[in-house]
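Chain identifiers are assigned alphabetically (A, B, ...) following the order of the sequence lines, protein sequences preceding nucleic acid strands; residue numbering begins at 1 within each chain. If you're wondering where the values come from, they're calculated on a predicted model, not measured in any experiment.
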4 protein chains.
Amino acid sequence: MTPSMPSPEATGDRPLRADARRNRERILAAAEAVFAEKGATASTDEVAARAGVAIGTVFKHFPTKQALLQAIMKGLLARLTRELEALAADGAPAEGLFAFIARMVEQAAQKRTVVGLLAEAGVGLQLGDSVQMLREGIGNLLLRAQDAGVVREDVRLDEVVALLVGVCQGALHAGWDPDLQRRTLAIVFDGLRTSEARASATGC
Amino acid sequence: MTPSMPSPEATGDRPLRADARRNRERILAAAEAVFAEKGATASTDEVAARAGVAIGTVFKHFPTKQALLQAIMKGLLARLTRELEALAADGAPAEGLFAFIARMVEQAAQKRTVVGLLAEAGVGLQLGDSVQMLREGIGNLLLRAQDAGVVREDVRLDEVVALLVGVCQGALHAGWDPDLQRRTLAIVFDGLRTSEARASATGC
Amino acid sequence: MTPSMPSPEATGDRPLRADARRNRERILAAAEAVFAEKGATASTDEVAARAGVAIGTVFKHFPTKQALLQAIMKGLLARLTRELEALAADGAPAEGLFAFIARMVEQAAQKRTVVGLLAEAGVGLQLGDSVQMLREGIGNLLLRAQDAGVVREDVRLDEVVALLVGVCQGALHAGWDPDLQRRTLAIVFDGLRTSEARASATGC
Amino acid sequence: MTPSMPSPEATGDRPLRADARRNRERILAAAEAVFAEKGATASTDEVAARAGVAIGTVFKHFPTKQALLQAIMKGLLARLTRELEALAADGAPAEGLFAFIARMVEQAAQKRTVVGLLAEAGVGLQLGDSVQMLREGIGNLLLRAQDAGVVREDVRLDEVVALLVGVCQGALHAGWDPDLQRRTLAIVFDGLRTSEARASATGC
DNA sequence: TATGAATGAGAGTTCATTCAT
DNA sequence: TATGAATGAACTCTCATTCAT
């Protein structure tokens, strides 16, 4: 991450006026909140009301509802990718994959976010390479964990992503208290571990 | 089970005329198909068309769309519970839990059914004790597997259900080819297994 | 026109309930009036209000605004075709073409009808063979007039239709009092006439 | 015509700054092009984009869309009036009227201009005396043609204008290839001609 | 009881117009 | 003065639900 790169939020094509960018951010935040609470079928009107702007303003920034959903998703995926890169940069490499998965599940449990929208809005969203970048980051963590002997060699990225999506989805449903979350993830993590890592992990 | 007892689907309060019951079944079947294909946002008009009845008939039997969704869910859960009881009655008790989970995932992958509706229709559905009965059945399989030394003793029913919901959800997403399904479940099952069972399973 | 043929208005695919057909007619009449007054950009809401039905009813009968416009146009064209056939069936064949043109202009002047909608709604309308049938009827009148020596032999159907459309369009504009109408048509008709017919017509 | 007099398009109340007038011209040109292509329902945003100015600038010069349409119309009428005066000033007086009508039809067929806007925008436009001036020019040509014995004495200006509007309207519709245009106008012109002129014209 | 036409609130989207920058 | 973001009423269309037939 070079210091000269622009703020990651500024992914727009060209500079917006200050007030326009402020509104754009407010709309995105409002949309994230509204869709998190009520799902992707919540009305655009409600997003506008929550953002404190007129409905036309929402459609000026995001010409269709789909575009708004995509923008939210891209933002979330980018944020996750950055968290993931931070995890990779830090030490504790072996358990980094587990930490990241736990973090995502925790977030998903708080709001109907990434996976919730992915599931509800369906395949319609064109997320470009935002997803790809996240996959790559996860792939890095997986390799590192495998190199450290923590995760079995025969585990592939596809399964890890599938499990990630699954447990995040599951976490959306009622009744996932933090303890259940922890216990469920413990099972999945154990399934990923090598015998040796499992022995020491269980020992702890 | 006497032949005179009503079919388990007929959970209505009082007996219906023969044609009315026939319509009810057709509507349920049509609704299951339509919602499986297009998700819970498909229109009731389409359900009526597929069932070959008028829209008024649908609302006569199920006074709201929610009620229709609930009825589908109850039916599906009841069917699953019966499958599960059949599994429990048969032999192969130790691996019965895994077989059942695999079966559910397979079905979920084929259609947007149980879990899909649960996710889409949201928390609004009042499913009464249909869910409870299914939980109990799964609990039986779990106990049996634990008694046989296949599943770890510290695993609780809650985690199993959570994992079940999660992998079913995940299976709805694109790209879960049968092989990925198998590999993903293998990890989860490994996480559930005791060290001994794991050793022999891996040995196979 | 055989006596056994159904009422010409009943062009629907299958029989509608009495009340539904009544509403359909009311909507068509309202739409004709509203679009005649305000042009094709008048709102569907206004049509519904004028017809005394809810907006959903309009869209139940005509699933898009375009479909409603097309239905109006087809109705008008059919009505004109019938008038034209009546003219052809009656005597006075030589001047039948002129009588028909005059009739259309007169109607167009009263309301923004046929040609007005054709012009405003533009090329988007799929009018099927309604237009073709009208053209054929006009072609018959033209042939008859040419056989009678009233219209020049070198005049083709295309020009006649072009002139018809033009004068109807012109008649939509303000200031076409009946006298101006008559005088304008006199010029066009003279242009169509043979020298002989012209001499006698002028003589009258 | 002294070089210091303002261009005829600059009918504004008071002198504008050079850049302002330049913008005004660009907006008018853009509006003419856009409305010609897409009809009067095209959006003012599109006009601004084509003109390369901001939407606010358009509304600064023309406070409503109606005002913009009126300005376009006035410009077009003025241009036509000038063409017409040029025709009158040149020789070939007898056939000047026909030449002018043919020219207008040709233009109308190329773009949805004068008459198109008149028809679409409806009666709302206040065109002041721009129309009157055009009428007078046409009246001059008519007189001249009548003096030359080419057009019948009993033809009045009203009919000529009515026919002009009509054939221009007609020309907007699909299928008016140049040949059809010529043939249709030939009929109208013959209707206007005296017997003598007709004989010689037909002879050619 | 079944029918299916009617209802009407609400959705996404557009666009003439205003006004802070 | 020019900019262009914001406004919000209006539009087309959908669909769960009601009720006359």
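Formation of a donor-acceptor pair under 3.5 Å by the A/Lys74 side chain with backbone atoms of A/Leu69 is not found in this model. Under the 3.5 Å distance criterion, the side-chain polar atoms of C/Arg26 are matched with a main-chain donor or acceptor of C/Ala51. With hydrogens and angles ignored, the 3.5 Å screen pairs a side-chain donor or acceptor of A/Lys65 with a backbone N or O of A/Ala40.
A/Leu68 places a side-chain heavy atom less than 4.5 Å from the side chain of A/Ile27. Considering only heavy atoms from C-beta on, A/Leu76 comes within 4.5 Å of A/Glu32 through its side chain.
To the nearest angstrom, P of F/dT21 lies 15 Å from CZ of C/Arg21. The distance between atom CD1 of A/Ile27 and atom C1' of F/dT7, rounded to the nearest whole Å, is 12 Å. Distance CZ (A/Phe35) to C1' (E/dG12): 11 Å, rounded to an integer number of Å. Taking atom CG of residue B/Leu69 and atom C1' of nucleotide F/dA16, one finds them 12 Å apart after rounding to whole Å. Following rounding to the nearest Å, C/Ile55 (CD1) and E/dT7 (C1') show an atom-to-atom distance of 11 Å. As rounded to whole Å, 12 Å separates atom C1' of E/dA2 from atom CZ of B/Arg26. Counting to the nearest Å, the C1' atom of E/dA6 and the CZ atom of C/Phe62 are 15 Å from each other. To the nearest angstrom, C1' of F/dC11 lies 15 Å from NZ of C/Lys38.
At the heavy-atom level, C/Lys60 lies under 4.0 Å from base atoms of the strands shown. Residue-level contact check: B/Thr57 touches the bases, meaning some heavy atom is under 4.0 Å from a base atom.
Contact detail for A/Leu28 and A/Ala71: the closest heavy-atom pair is CD2-CB, 3.9 Å.
Closest approach to the A/Ser43 side chain among F/dT3, E/dG12, E/dT14 is made by E/dG12 (side chain taken as heavy atoms from C-beta onward). For A/Asn23, taking side-chain heavy atoms from C-beta onward, the closest of the listed nucleotides E/dG8, F/dA6, E/dA11 is F/dA6. Here the nucleotide nearest the side chain of A/Asp19, chosen from E/dA5, E/dA16, F/dA5, is F/dA5. Which of F/dA6, F/dT12, E/dG4 sits closest to the side chain of C/Asp45 comes down to F/dT12. Residue C/Phe59 places its side chain closer to F/dT14 than to any other of F/dT14, F/dT17, E/dG12. For C/Ala20, the listed nucleotide lying nearest its side chain is E/dA5; candidates were F/dT7, E/dA5, F/dT3.
Nearest-nucleotide positions on DNA chain E place B/Gly52 closer to the 5' end than the other of B/Gly52 and A/Lys65. Closest-nucleotide positions on DNA chain F for C/Thr64 and B/Thr44 were compared, and the one nearer the 5' end corresponds to C/Thr64.
When both pairing distances are held under 3.5 Å, F/dA20 makes a Watson-Crick or G-U pair with E/dT3. With a cut-off of 3.5 Å on both pairing distances, the Watson-Crick or G-U wobble partner of E/dG10 is F/dC13.
For the pair D/His61 and F/dT1, the criterion of a side-chain N or O lying under 4.0 Å from OP1 or OP2 is not met.
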